[in-house]
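Atom set for the values below is all heavy atoms of this structure, side chains included, hydrogens, waters and symmetry mates excluded. Protein chains get the first letters and strands the later ones, always in sequence-line order, with residue 1 at the start of each.
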Amino acid sequence: MDDLRVRFAPSPTGVLHIGGARTALFNYLFARHNTGKFILRIEDTDKERSTKESVDAIINGLTWLGLHWDEGPFYQSQRTELYKQHVDQLLKEGKAYRCYCTPEELESKRTKALSEKRKPIYDRTCRERTDHPEGKPYVIRFKSPMYGTTMVKDMVKGNILFNNEELEDFVILRSDGSPTYNFVVVVDDVDMHITHIIRGDDHLNNTPKQIFLYHAFDYPVPQFAHIPLIHGTDKARLSKRHGATSVEAYREEGYLPEALVNYLVRLGWSFGDKEVFTLQEMIDNFSFDNISKSAAVFNPEKLLWLNATYIREKSAEQLLSLLEPFIKARGLMDCLNSLDRSNLLKLIDETKIRSRTLLELLDMMDYYFKTDVVYDEIAAKKLFTQEKAVYLQAMLTRLSGIEDFSQKHIEEAIKSYATESGLKLGDVAQPLRLAVTGRTVSPGLFEIIEILGKERVVKRVFNAIEYMKTNHGQNIG
RNA sequence: GGUCCUAUCGUCUAGAGGCCUAGGACGUUACCCUCUCAAGGCAAAAACGAGAGUUCAAAUCUCUCUAGGACCA
């Protein structure tokens, strides 16, 4: 098994979507598990739809996910000579032939066959033709076997038998001289010495045709693994209308690559009851024995949970560096540099268990970056009342009086005030939280007061009291 | 339309004839903890698509149907 070679062969016609990413992942894991080689091949023969941006998206996406390839990227667009040679070879060996039937002729044959309830496959008119009409356009067709059966041995689906009579003499070279998909795939896989083909099961029906070509090239048929597709909630193949489906989108929303990889590996693959895997654990345990045969519905909730799990396991330092691109994007870099770093790290530690994405994490710490607190409107109406203004005034005095502004002393000050005034802690804590963060939800109040520091807290409580004075009219009753 | 694939809680799955009163995870709900929200803890509700057969015994094997999906046109 030491010569095992697999490939991921996407078409660069859009973003790297999570279905493709999962196919790449399974290829990667299989290669690493078996100490084989993982090859990246860009199938950009469709010049109309292939773009450089899309190639970049694929490469960046795979790199971000940590799915490193050993060879490539190879580009089909740079290999046209190779395909031409192989067409010529098949032609010379009598394994393919020129077909001069016009599209109109083929169409009428089709409709006729259909009306007579026959299979609408090409009737092989030109198969034994020997003349070469000058100047007449032609396609090149492969001479498929007309009888017998072809067995696809699949590591996921088992043995699948196809009846050769169902298959036609398919086109390998179009009239414009461009080779077709089934043909170039096989030429490349032969040329790259691919031993195992792991791809979506949407290719299953193409496989017998490709097996014909392997035979024609006298190349041992690779092992196949057709993995089930990913579906949306409506059980249809996952597409844009199901929401974010690109790897890039998840990156921008603050997902961690290890979370996405972990989620994708469990979509269709399992290892007992285990849910959380390191990449090494995936590599160690991966096998096609425990891949499921049916399509899996993509569940964003579970991905979110996994992402939260991974965020929680990161250190504050790690999270801060992960947050940097997001901080930069919001133009908060200057702000970051002017703030106390150790306090920010403490805040990250307090906030990370409440965040499911990096974006959420940053959002939940906005009050730390901002100079002026913006109050949640509904909460302000409810909590910034005359009665609460009294509490805040008292807290302003007490907090200002603390020499050693530590969590312990802050807690004592707030709790003793509540007790002395016969109040529940929440009665004081909630308006105070709103004053200091602008929110009703935050990490522990005593912790964040210490983290923000005496100066900022005192100023914020003072500002809140001022706000209540100027807006008190609407807050009465 | 033809060919092919698939079928366990809402979702991801465990399950390879008796360990199944069907296990785990996400989500949902209740409770505990609690200054809010999370996290954590502890519970609960929730599934073998239908029908025949094989067998002492079927989620597991066979067949039919049904439903989804993919490919080709």
Regarding Q280(A) and D284(A), is there a side-chain donor-to-acceptor distance under 3.5 Å anywhere?
-> yes
Separation of rC5(B) atom P from F224(A) atom CZ, nearest Å, is 15 Å
Parallel, tilted or perpendicular: ring planes of F212(A) versus F142(A), cut at 30 and 60 degrees | parallel
What is the pairing partner of rU3(B), taking Watson-Crick or G-U wobble pairs with both distances under 3.5 Å in any strand?
-> rA70(B)
When you compare rA38(B) with rC33(B), how far apart are their C1' atoms, in angstrom units rounded to a whole number?
-> 13 Å
Within this structure, what is the NZ-to-P distance between K293(A) and rA59(B), rounded to whole angstrom?
-> 19 Å
Between L347(A) (CG) and rA38(B) (P), how many Å, whole number?
-> 18 Å
Closest to the L229(A) side chain: rA70(B), rA38(B), rG2(B)?
-> rA70(B)
Atom CD of Q210(A) and atom C1' of rC71(B): how far apart are they, to the nearest Å?
-> 12 Å
C1' atoms of rA45(B) and rC9(B), separation to the nearest Å = 10 Å
Between atom CD in E447(A) and atom C1' in rC37(B), what is the gap in whole Å?
-> 13 Å
When rounded to whole Å, the CE to P distance for the pair M364(A) and rA38(B) reads 9 Å
With no hydrogens and no angle check, do the side chains of Y181(A) and H203(A) hold a donor and an acceptor under 3.5 Å apart?
-> yes
Check: F26(A) ring centre within less than 6.0 Å of F286(A) ring centre | yes
For the side chain of L204(A), starting at C-beta, report the closest nucleotide among rG69(B), rC5(B), rU3(B).
-> rC5(B)
Using only heavy-atom distances, determine whether the side chains of D176(A) and S178(A) contain a donor-acceptor pair under 3.5 Å.
-> yes
Nucleotide rA38(B), atom P - distance to CZ of R354(A) in whole Å | 10 Å
For rC26(B), which nucleotide is its Watson-Crick or G-U wobble mate, given both distances must be under 3.5 Å?
-> rG10(B)
Per atom distances to the R237(A) side chain, the nearest of rG69(B), rU36(B), rC4(B) is rG69(B)
I353(A), nearest nucleotide to its side chain (from rC5(B), rC35(B), rA38(B)) | rA38(B)
When you compare rA16(B) with rC61(B), how far apart are their P atoms, in angstrom units rounded to a whole number?
-> 11 Å
Going by the side-chain hydrogen bond (donor to acceptor under 3.5 Å, both in side chains) test, name the single residue among T45(A), T180(A), D188(A) that passes it with Y83(A).
-> D188(A)
Return yes if a side-chain donor-acceptor contact under 3.5 Å exists between H231(A) and R237(A), otherwise no.
-> no
Residue N206(A), side-chain heavy atoms: nucleotide from rC35(B), rC71(B), rC4(B) that is nearest = rC71(B)
Report the base-pairing partner of rU62(B) (Watson-Crick or G-U wobble, both distances below 3.5 angstrom), or none.
-> rA52(B)
Write down the distance separating the P atoms in rU62(B) and rU6(B), rounded off to the nearest Å.
-> 12 Å
Does the side chain of S270(A) pick up a donor-acceptor pair with the side chain of N290(A) at under 3.5 Å?
-> no
May I have the distance from K352(A) (atom NZ) to rG40(B) (atom P), rounded to whole angstrom?
-> 13 Å
Between V441(A) and K157(A), name the one whose nearest nucleotide on RNA chain B is closer to the 5' end.
-> K157(A)
Just call it for H231(A): base, sugar-phosphate, or nothing, with non-hydrogen atoms closer than 4.0 Å on any strand.
-> sugar-phosphate
Short question: side chain of H196(A), backbone of Q223(A) - any donor-acceptor pair under 3.5 Å?
-> no
With rounding to whole Å, what would you report as the distance between rG1(B) and rA14(B) at their P atoms?
-> 33 Å
Residue among L347(A), T437(A), I327(A) satisfying side-chain contact (heavy atoms from CB on, under 4.5 Å) with M365(A) = L347(A)
Distance check: side-chain N/O of R312(A) vs OP1/OP2 of rG40(B), anything under 4.0 Å?
-> yes
Is a side-chain donor-acceptor pair under 3.5 Å present for Y391(A) with E387(A)?
-> yes
Please write out the pairs of protein N or O atoms and N or O atoms of nucleotides 42-45 of chain B separated by less than 3.5 Å, giving the distance to one decimal.
none

Contact class for P228(A) vs. all strands (heavy atom < 4.0 Å): base, sugar-phosphate, or nothing?
-> nothing
Which nucleotide, in any strand shown, forms a Watson-Crick or G-U wobble pair with rA16(B), with both distances under 3.5 Å?
-> none
Which base sits across from rC31(B) as a Watson-Crick or G-U pair, both distances under 3.5 Å?
-> rG41(B)
rA47(B) and rC12(B), which share atom name C1', separated by this distance in whole Å = 13 Å
May I have all residue pairs that pass salt bridge (charged side-chain N to carboxylate O under 4.0 Å, His left out) and include part of residues 429-446 of chain A, sequence neighbours excluded?
-> D366(A)-R439(A)
How does protein reach along nucleotides 9-26 of chain B, written 5' to 3' as B (base within reach of a heavy atom under 4.0 Å), S (only sugar-phosphate), or - (no contact)?
-> --BBSS--------BBBB
Taking atom P in both rA70(B) and rG15(B), what distance in whole Å separates the two?
-> 27 Å
Atom P, compared across rA46(B) and rC63(B): separation rounded to whole Å = 33 Å
